[in-house]
Amino acid sequence: MVVNIDLFIDILEKNFKSWKAPVADFAPDRGRTVFEILVSTVLSSRTKDEVTIKAVSRLFAVARTPLEILELGEDELAGLIYPVGFYRIKAGNLRKISRIIVREHGGRVPDTMDELLRLPGVGRKTANLVLAQGFGKNAICVDTHVHRISNRIGYVSTKTPEQTERALIKKLPIKHWAGINKLFVGFGQTICRPISPRCGSCPVSSMCPAFI
DNA sequence: AAAACGGGGGC
DNA sequence: GCCCCAGTTTT
């Protein structure tokens, strides 16, 4: 059975129309700067969206730009973003990122994969989200949800997220690239969960080879 | 009490 | 590839 991805995504879009993926939903046209999207995504790694949201609302109330973050002490910064996972490491990374952006990029977030990957705490997931959501570029943000679901439904057969990204770039129609992360995060947190997925209330179970 | 959750980096 | 990094939520 080969899933019809256009139909699959179409059904999901209808069913998750009102669902808001907190961090994946951040975008310039929703009042976020690219730098805020970058910071939110760095903080969201290995932590739940709800926790990230609380952390960034506290942080952004005090500092919204690289220069403002650099004015905070590292302990103060760590206190503001607590309790995201690895908050001490991330506080250090945030200062380094801010310093690099100020010193090497004229205060603006770089818009290429190469430059983004040089920022500490930024990997492919974060870089691709910034490129897609922040700069409106054609990039696919493969997080654990996109990776898991793409494999579970048999659309790709890959071991690492990077392999998934390459497979999706080949197979997935480009019109779905920007939206796939937000859509699959919502679907993956509520229905297609890692453990004990709620197949009983899944709108696409009839198309799914993993349907239990 | 234990396992599950979600990326990046160093080796 | 393997293993480490910290905290909250779910079982």
Side-chain angles (χ1 to χ4, degrees), chain A residues 16 19-26 35-59 69 74-101 109-110 112-134 139-152 156-169 180-201 210 212:
Chain A
F16 287 88
W19 200 89
K20 293 296 174 200
V23 174
D25 215 28
F26 283 2
F35 182 69
E36 287 175 299
I37 294 171
L38 171 63
V39 170
S40 309
T41 312
V42 167
L43 294 188
S44 78
S45 118
R46 277 182 101 70
T47 113
K48 295 228 189 324
D49 265 11
E50 298 71 35
V51 179
T52 308
I53 292 294
K54 285 177 192 159
V56 295
S57 24
R58 260 185 285 120
L59 174 62
I69 284 189
E74 193 157 323
D75 286 345
E76 190 182 0
L77 183 55
L80 283 167
I81 64 177
Y82 179 89
V84 299
F86 310 106
Y87 66 99
R88 294 207 160 274
I89 297 171
K90 286 174 184 173
N93 284 155
L94 244 38
R95 300 194 95 253
K96 289 176 193 154
I97 288 172
S98 300
R99 200 155 31 81
I100 294 171
I101 287 178
V109 178
T112 66
M113 174 64 76
D114 261 17
E115 293 171 307
L116 285 167
L117 288 182
R118 273 181 221 127
L119 304 174
V122 176
R124 297 197 69 82
K125 181 254 179 181
T126 303
N128 275 317
L129 192 84
V130 169
L131 289 173
Q133 308 256 134
I140 303 177
C141 173
V142 177
D143 62 7
T144 152
H145 296 288
V146 175
H147 179 59
R148 179 185 67 259
I149 295 168
S150 301
N151 277 282
R152 184 176 275 169
V156 303
S157 185
T158 50
K159 190 177 182 302
T160 68
E162 191 169 349
Q163 289 166 7
T164 302
E165 189 190 329
R166 280 196 234 109
L168 290 179
I169 286 171
I180 189 87
N181 182 259
K182 180 186 159 192
L183 188 63
F184 277 20
V185 168
F187 180 50
Q189 286 185 356
T190 55
I191 306 283
C192 199
R193 306 184 299 181
I195 307 287
S196 52
R198 296 173 173 165
C199 295
S201 36
I212 302 173

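Numbers restart at 1 for each chain; the letters A, B, ... are given by sequence-line order, proteins then strands. The basis for the numbers below is simple: all heavy atoms, side chains too, and nothing from hydrogens, waters or symmetry mates.
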K.L.:
Below the 4.0 Å mark, does dT8(C) have OP1 or OP2 next to a side-chain nitrogen or oxygen of Tyr82(A)?
P.N.:
yes
K.L.:
Taking only N and O in the side chain of Lys48(A), is any of them less than 4.0 Å away from OP1 or OP2 of dT8(C)?
P.N.:
no
K.L.:
Provide a list of protein-nucleic acid N or O atom pairs under 3.5 angstrom, restricted to nucleotides 9-11 of chain B.
P.N.:
from	atom 1	to	atom 2	distance (Å)
dG9(B)	OP1	Gly121(A)	N	2.4
dG9(B)	OP1	Val122(A)	N	3.3
dG9(B)	OP2	Val122(A)	O	3.3

K.L.:
Mind checking which stems touch DNA chain B? I mean at least 3 consecutive Watson-Crick or G-U pairs, both distances under 3.5 Å.
P.N.:
B:1-5 with C:7-11, B:7-11 with C:1-5
K.L.:
To the nearest angstrom, how far is Leu43(A) atom CG from dG7(B) atom C1'?
P.N.:
12 Å
K.L.:
Return the value, rounded to whole Å, for the distance between atom CE of Met113(A) and atom P of dG8(B).
P.N.:
10 Å
K.L.:
Would you tell me if any nitrogen or oxygen in the side chain of Thr126(A) comes within less than 4.0 Å of OP1 or OP2 on dG7(B)?
P.N.:
no
K.L.:
For DNA chain B, determine which residues of residues 190-201 of chain A have any heavy atom closer than 4.0 angstrom to one of its atoms, and list them numerically.
P.N.:
Pro194(A), Ile195(A)
K.L.:
Measure CZ/Phe86(A) against P/dG7(B) and give the value in whole Å, please.
P.N.:
11 Å
K.L.:
Without decimals, in angstroms, what is the distance between Lys54(A) NZ and dG7(C) P?
P.N.:
16 Å
K.L.:
For Ile97(A) and dG8(B), give me the distance from atom CD1 to atom P, rounded to whole Å.
P.N.:
11 Å
K.L.:
Yes or no on salt bridge (charged side-chain N to carboxylate O under 4.0 Å, His left out) for Lys54(A) and Glu50(A), after CA distance, side-chain angles and deciding distance?
P.N.:
CA-CA 6 Å; Lys54(A) 285 177 192 159; Glu50(A) 298 71 35; over 6 Å; no
K.L.:
Assuming nearest nucleotide by heavy-atom distance, tell me which of Gln163(A) and Val84(A) is located more 5' along DNA chain C.
P.N.:
Gln163(A)
K.L.:
Under 3.5 Å, sequence neighbours excluded: what are the donor-acceptor pairs made by side chains of residues 78-91 of chain A?
P.N.:
from	atom 1	to	atom 2	distance (Å)
Lys90(A)	NZ	Leu43(A)	O	2.8
Lys90(A)	NZ	Ser45(A)	O	2.7
Lys90(A)	NZ	Gly85(A)	O	2.9

K.L.:
Check whether the side chains of Asp49(A) and Ser44(A) place a donor and an acceptor atom closer than 3.5 Å, and report yes or no.
P.N.:
no
K.L.:
Do Asn151(A) side-chain atoms and Thr158(A) backbone N/O form a donor-acceptor pair below 3.5 Å?
P.N.:
yes
K.L.:
Nearest whole Å is fine: how far is dC5(C) C1' from Ile81(A) CD1?
P.N.:
14 Å
K.L.:
Who passes ring pair (Phe, Tyr, Trp, His ring centres under 6.0 Å) against Phe26(A), sequence neighbours left out?
P.N.:
none
K.L.:
Round to a whole Å and report the spacing from NZ of Lys96(A) to P of dG8(B).
P.N.:
16 Å
K.L.:
Write down the distance between CG (Asp143(A)) and P (dG7(B)), rounded to a whole number of angstrom.
P.N.:
5 Å
K.L.:
Just jot down the salt bridge (Lys or Arg N to Asp or Glu O under 4.0 Å) partners of Lys182(A), sequence neighbours excluded, or say none.
P.N.:
Asp25(A)
K.L.:
Determine whether the side chains of Thr41(A) and Thr126(A) contain a donor N or O and an acceptor N or O closer than 3.5 Å.
P.N.:
no
K.L.:
Report which part of the nucleic acid Arg88(A) touches: base, sugar-phosphate, or nothing (heavy-atom distance under 4.0 Å, all strands).
P.N.:
nothing
K.L.:
Taking any heavy-atom pair under 4.0 Å as a contact, classify Thr144(A): base, sugar-phosphate, or nothing.
P.N.:
sugar-phosphate
